[in-house]
Amino acid sequence: MPAKNVIKEYERNAYYHLYNRGVAKTAIFLDNQDYKTFLYYLKLYLSFPDKEAALTKIPPSRKLRNYAGQINLICYCLMPNHFHLLVFQKDPQTINFFMKSLGTKYSMYFNKKYKRVGSLFQGPYKAVEITSENQLLYLSKYIHRNPIGLTRREPVGYKYSSYTNYLGLINQVWVKPLDFIGKDYKSFVEEIDERDSFFTKNIILEDD
């Protein structure tokens, strides 16, 4: 039986929920540096390189591939043993390259730092296509609410998610928030209603 939510073919100009967890549900972020390193790789992969950086004499073999303009990161949340990314993909092949690059780069960092060998993640990343505006809206809510069980408080103070971008408290230019004109996004995220589970059914990570 094929693994759940392992997509082999992607659509052009489509939204996807991407997620993965540590092998055997073990932690993939052990300290602040780990979270910051993962975010740093996201920034490098998704930011347009400036002219000065392009002129530096970095060997081609050491330059990271760049996916700016090909993938938009809509929102994210990093938790101790898993992560969530909500992305918009323009080209149907880009997600595979992007996630392989990100996973390999972070695994190399983590294994070197903690002197370990073997796989860091529990198999291939999972991907679910988002097919409606309501799914998109409520999935962003689900992702941003993830830290509540960890911190026992509302998610606004959590440092490793894109929620503060949506509230206008920070501006990570490599994050492209959804446009919620006319909506109080903070109230929307921090209040629960019966539509939460309906619109996120089958597009969430089991056993967070």
Side-chain angles (χ1 to χ4, degrees), residues 1-21 38-51 53-54 60 63-79 82-107 121-146 161-163 165-166 171-183 185 188-189 195-206:
M1 184 175 179
K4 180 181 178 182
N5 296 339
V6 177
I7 298 177
K8 294 183 179 179
E9 295 184 5
Y10 296 87
E11 299 295 326
R12 187 184 304 276
N13 295 324
Y15 290 92
Y16 288 91
H17 175 210
L18 311 175
Y19 59 91
N20 210 344
R21 63 155 59 98
F38 192 94
L39 294 176
Y40 176 68
Y41 291 145
L42 281 176
K43 177 181 178 180
L44 289 181
Y45 284 124
L46 298 174
S47 298
F48 287 101
D50 57 44
K51 293 180 180 179
K63 289 183 178 179
L64 295 184
R65 293 188 62 167
N66 188 269
Y67 302 93
Q70 303 171 60
I71 283 186
N72 289 343
L73 179 61
I74 307 303
C75 64
Y76 69 84
C77 186
L78 312 185
M79 299 292 286
H82 66 276
F83 65 83
H84 297 275
L85 308 175
L86 174 56
V87 306
F88 176 78
Q89 169 183 257
K90 295 184 179 180
D91 182 88
Q93 300 301 320
T94 307
I95 280 178
N96 272 325
F97 293 124
F98 167 64
M99 291 299 289
K100 182 177 180 180
S101 298
L102 179 63
T104 299
K105 189 68 176 176
Y106 183 74
S107 295
F121 296 106
Q122 186 173 292
Y125 68 91
K126 303 301 190 295
V128 183
E129 185 178 1
I130 309 306
T131 57
S132 76
E133 188 172 295
N134 278 325
Q135 270 191 318
L136 195 62
L137 178 63
Y138 278 86
L139 179 59
S140 77
K141 176 178 181 177
Y142 164 78
I143 290 174
H144 288 145
R145 286 184 61 85
N146 245 237
S161 91
S162 54
Y163 187 43
N165 285 275
Y166 278 70
N171 179 27
Q172 295 169 311
V173 296
W174 41 277
V175 176
K176 310 298 182 185
L178 294 169
D179 187 2
F180 293 100
I181 295 175
K183 295 183 181 295
Y185 190 70
F188 170 71
V189 168
R195 291 168 292 184
D196 291 330
S197 59
F198 178 80
F199 285 117
T200 56
K201 184 179 181 181
N202 297 323
I203 58 172
I204 62 176
L205 175 62
E206 297 175 354

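On a predicted model such as this, the values are computed, not experimentally measured, just so you know.
For the side-chain hydrogen bond (donor to acceptor under 3.5 Å, both in side chains) test, residues two or more places apart in sequence or in another chain that qualify with T131 are Q135. Applying the side chain to side chain contact (heavy atoms under 4.5 Å, CB included) criterion to E11, with sequence neighbours excluded, gives A14, Y16, E129. Residues satisfying the side chain to side chain contact (heavy atoms under 4.5 Å, CB included) criterion with L39, sequence neighbours excluded, are L42, Y76, L78, Y160, W174. In this view, K141 and D196 satisfy the side-chain hydrogen bond (donor to acceptor under 3.5 Å, both in side chains) rule, not counting sequence neighbours. For Y67, the ring pair (Phe, Tyr, Trp, His ring centres under 6.0 Å) partners are Y45, F98, not counting sequence neighbours. Remark: N72 pairs with I74, F88, K176 by the side chain to side chain contact (heavy atoms under 4.5 Å, CB included) rule, at least two apart or across chains. Y15 pairs by the side-chain hydrogen bond (donor to acceptor under 3.5 Å, both in side chains) definition with nothing, not counting sequence neighbours.
Contact of the D91 side chain with the R12 side chain is registered, since non-hydrogen atoms from C-beta on lie closer than 4.5 Å. With contacts defined as side-chain heavy-atom distances shorter than 4.5 Å, the pair H82/N146 qualifies.
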Quiz prompt | Full working for ring pair (Phe, Tyr, Trp, His ring centres under 6.0 Å) between F188 and Y138 | solution = CA-CA 9 Å; F188 170 71; Y138 278 86; 5.1 Å; yes
Practice problem: Starting from the C-alpha separation in whole Å, work towards a yes-or-no answer on side chain to side chain contact (heavy atoms under 4.5 Å, CB included) for H144 and C77. | Solution: CA-CA 7 Å; H144 288 145; C77 186; 5.6 Å; no
Quiz item: Under the side chain to side chain contact (heavy atoms under 4.5 Å, CB included) criterion, do V128 and L139 qualify, and how do the steps go?
Solution: CA-CA 11 Å; V128 183; L139 179 59; over 6 Å; no
Practice problem: Just do the side chain to side chain contact (heavy atoms under 4.5 Å, CB included) check on Q89 and T94 with the steps written out, would you? | Solution: CA-CA 7 Å; Q89 169 183 257; T94 307; 3.9 Å; yes
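Counting all heavy atoms, side chain and backbone alike, Y10 lies closest to A127 at OH-CB, 3.7 Å. When every heavy atom of Q70 is checked against every heavy atom of N66, the shortest pair comes out as NE2-O, 3.2 Å. When all heavy atoms of K43 and S47 are compared, the pair lying nearest together is O-OG, 2.7 Å. In plain terms, the two heavy atoms of R145 and V189 that are nearest each other are NH1-O, 2.9 Å.
Residue pairs meeting the salt bridge (Lys or Arg N to Asp or Glu O under 4.0 Å) criterion with at least one partner in residues 70-79, sequence neighbours excluded, are absent.
Within the model, atoms CG of N20 and NE2 of H84 stand 10.5 Å from one another, a figure rounded to the nearest 0.5 Å. Remark: K90 NZ to I71 CD1 distance equals 11.0 Å, nearest 0.5 Å. Note that CZ of F38 is 10.5 Å distant from OH of Y41, once rounded to the nearest 0.5 Å. Between the OG atom of S140 and the OH atom of Y166 there is a distance of 5.5 Å, given to the nearest 0.5 Å. Rounded to the nearest 0.5 angstrom, K105 NZ and K100 NZ are separated by 14.5 Å. Between the OH atom in Y185 and the CG atom in D179 there is a gap of 12.5 Å [rounded to 0.5 Å].
Listed for the R21 side chain is no donor-acceptor partner under 3.5 Å among the backbone atoms of Q122.
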